[in-house]
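First up is the structure itself, then whatever we jot down about it.
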Amino acid sequence: MSADFWAGYVSGAVGIIIGNPLDLIKTRLQAGPSQDVSADTRTATAAHMHRRGFTGQFENAGTLVRGATAPILGYGALNALLFMTYNRTLTLLGDYPANPNSFAKVFLAGATGGFASFVVSAPTELIKCRAQVSTDRQATSWSIARQIWIKDGVRGLYYGGGITSVRDAVGYGFYFWSYEWCKQAWTSPDDTDRETAFKVLMCGGLAGIVTWASIFPLDVVKTRVQTQMLQPEPVRGGEQQTLLHAEGRRTRMGAIQVAKHAYQTEGAGVFFRGLGICSVRAFIVNAVQWAVYEWMMRILQQQ
């Protein structure tokens with residue numbers, strides 16, 4: 001495998017290990033209360049979640065790593081595929097990954113890499129989100145993946161894949177664009193190693209914030225699509241709501257339906273719920289991730 005593949009894999013895994021506790025809070029705030037309860041109950045539950053604050057989101061020490069297994073394995077592979085596709089696409093466009101000249105090409109290459117990474121990110125995000133919002137303490141990434149596989153097969157693992165691919169393409173376009181813009185505007189050939197390392201950390205952190213700010217409403221919808229409770233179909237006129245009917249056919253809402261429902265029941269603010277904690281996480285994770293990537297690329301290319 002190439003240097004950018006391994007550098008991307010390791011940096012992605014490290015980023016997940018660091019950011020999982022904050023990501024858990026972000027996912028729970030985005031998902032909101034269960035949709036199979038009344039509007040008043042959902043409102044009260046949402047208010048209670050906000051009052052619980054930071055530490056109140058963790059039931060026990062194990063919650064800190066809940067849902068982390070799938071992302072550590074999956075996001076490492078995702079990051080490897082992302083960086084490798086980005087570098088190859090930028091090269092095909094006639095630019096240089098180490099020091100690109102066109103920010104438009106950087107955005108296009110980043111969007112291409114993001115779209116390609118959907119192959120890994122869709123099932124990884126699905127398993128991670130369901131594990132993080134699960135109230136079953138015995139639930140693990142593996143048990144949730146197995147359950148999805150048994151029930152719906154490969155198709156089930158890619159539930160919500162459409163909105164995930166759009167989010168990734170747009171987000172990673174801004175991700176690489178903002179990192180390269182910041183890096184070229186701020187760094188200098190005369191910088192010392194310490195100054196270069198500090199600026200890489202800052203540029204990576206700022207790129208993470210820009211990325212999530214640009215796609216956060218899409219991410220909220222994606223999270224709700226993937227974690228929604230299955231709703232029974234409405235009872236037709238004259239029908240009695242028997243046990244058989246309640247346990248019978250069930251429907252899921254698509255991304256547009258989820259977005260409309262969220263807006264109608266919780267207002268526009270729902271699409272930015274969790275953005276604060278996500279921005280903190282994005283800065284920390286992407287600062288470390290870019291630093292690890294640049295450091296590993298330097299070592300691997302020297303070897």
Side-chain angles (χ1 to χ4, degrees), residues 1-16 71 74-125 158 161-187 189 196 199-219 222 282-283 285-301:
M1 292 291 183
S2 59
D4 52 2
F5 179 90
W6 289 114
Y9 194 102
V10 174
S11 63
V14 170
I16 286 296
Y75 197 69
L78 182 154
N79 226 42
L81 180 62
L82 170 68
F83 277 90
M84 193 167 65
T85 304
Y86 166 77
N87 288 332
R88 302 300 182 276
T89 303
L90 199 55
T91 301
L92 287 174
L93 292 173
D95 216 328
Y96 309 96
N99 188 28
N101 297 313
S102 171
F103 289 120
K105 291 180 180 179
V106 167
F107 185 93
L108 180 58
T112 303
F115 186 78
S117 68
F118 140 82
V119 176
V120 179
S121 68
T124 299
E125 285 283 312
Y158 282 87
I163 189 68
T164 303
S165 64
V166 173
R167 182 204 67 165
D168 288 349
V170 174
Y172 284 117
F174 278 108
Y175 184 60
F176 286 99
W177 174 84
S178 56
Y179 178 76
E180 286 298 337
W181 181 85
C182 184
K183 185 179 176 182
Q184 292 187 26
W186 201 9
T187 58
T196 299
K199 290 178 179 180
V200 166
L201 285 168
M202 293 300 296
C203 290
L206 291 173
I209 293 176
V210 169
T211 300
W212 279 105
S214 68
I215 61 166
F216 202 77
L218 286 174
D219 191 60
K222 178 208 71 71
F283 185 90
V285 169
N286 289 284
V288 174
Q289 191 167 284
W290 270 108
V292 172
Y293 176 80
E294 297 278 15
W295 173 70
M296 285 203 65
M297 283 292 289
R298 190 178 300 111
I299 292 177
L300 292 173
Q301 286 176 343

Ring centres under 6.0 Å, that's the criterion: do Y172 and F115 meet it? no
Which residue in the set L90, L82, T211 passes side-chain contact (heavy atoms from CB on, under 4.5 Å) when paired with F176? L82
Minimum heavy-atom separation for T164 and S121, please, with both atom names. CG2-OG, 3.6 Å
Identify all side-chain donor-acceptor contacts of residues 101-108 below 3.5 Å with residues at least two apart in sequence or on another chain.
from: S102; atom 1: OG; to: A104; atom 2: N; distance (Å): 3.4
from: S102; atom 1: OG; to: K105; atom 2: N; distance (Å): 3.2
from: K105; atom 1: NZ; to: L93; atom 2: O; distance (Å): 3.0

Mind checking whether F118 and Y158 have side chains closer than 4.5 Å, heavy atoms only? yes
Restricting to salt bridge (charged side-chain N to carboxylate O under 4.0 Å, His left out), what partner residues turn up for D168, sequence neighbours left out? none
Does a donor on one side chain sit under 3.5 Å from an acceptor on the other, for N79 and Y293? no
Do the side chains of M297 and P97 get nearer than 4.5 Å, heavy atoms only? no
Indicate the ring-plane relationship of W290 and Y179, choosing parallel, tilted or perpendicular according to the 30° and 60° boundaries. parallel
Closest heavy-atom pair and its distance - A7, S11: O-OG, 2.9 Å
Is T89 reaching over with its side chain to a backbone N or O of Y86, donor-acceptor style, under 3.5 angstrom? no
OH on Y96 to OG1 on T91, rounded to 0.5 Å: 10.0 Å
Not counting sequence neighbours, which residues clear ring-ring contact (aromatic ring centres under 6.0 Å, His included) with F216? List them please. none
Minimal non-hydrogen separation, T124 against V120, with atom names: OG1-O, 2.8 Å
Output the distance between atom NZ (K222) and atom OG (S165), rounded to the nearest 0.5 Å. 12.0 Å
Shortest non-hydrogen pair, Y175 vs N286, comes out as OH-OD1, 2.9 Å
Could you grab the distance from atom NZ of K199 to atom CE of M202, nearest 0.5 Å is fine? 11.0 Å
Could you tell me whether the side chain of W212 reaches within less than 4.5 Å of the side chain of F283, counting heavy atoms only? no
To the nearest 0.5 Å, atom CG of D4 lies from atom CE of M296 at 11.0 Å
In Å and rounded to the nearest 0.5 Å, what is the CG to OG distance from D219 to S214? 10.5 Å
Measure the shortest side-chain to side-chain distance between L300 and F5 over non-hydrogen atoms and say whether it is less than 4.5 angstrom. no
Within a strict 4.5 Å, meaning less than it, do heavy atoms of the T112 and T85 side chains meet? yes
Rounding to 0.5 Å, atoms CD (Q184) and SG (C203) come to a distance of 10.0 Å
Which heavy atom of L78 sits nearest to which heavy atom of S117, and what is that distance? CG-CB, 3.8 Å
Note: G161 and A122 closest approach over all heavy atoms is CA-CB, 4.2 Å
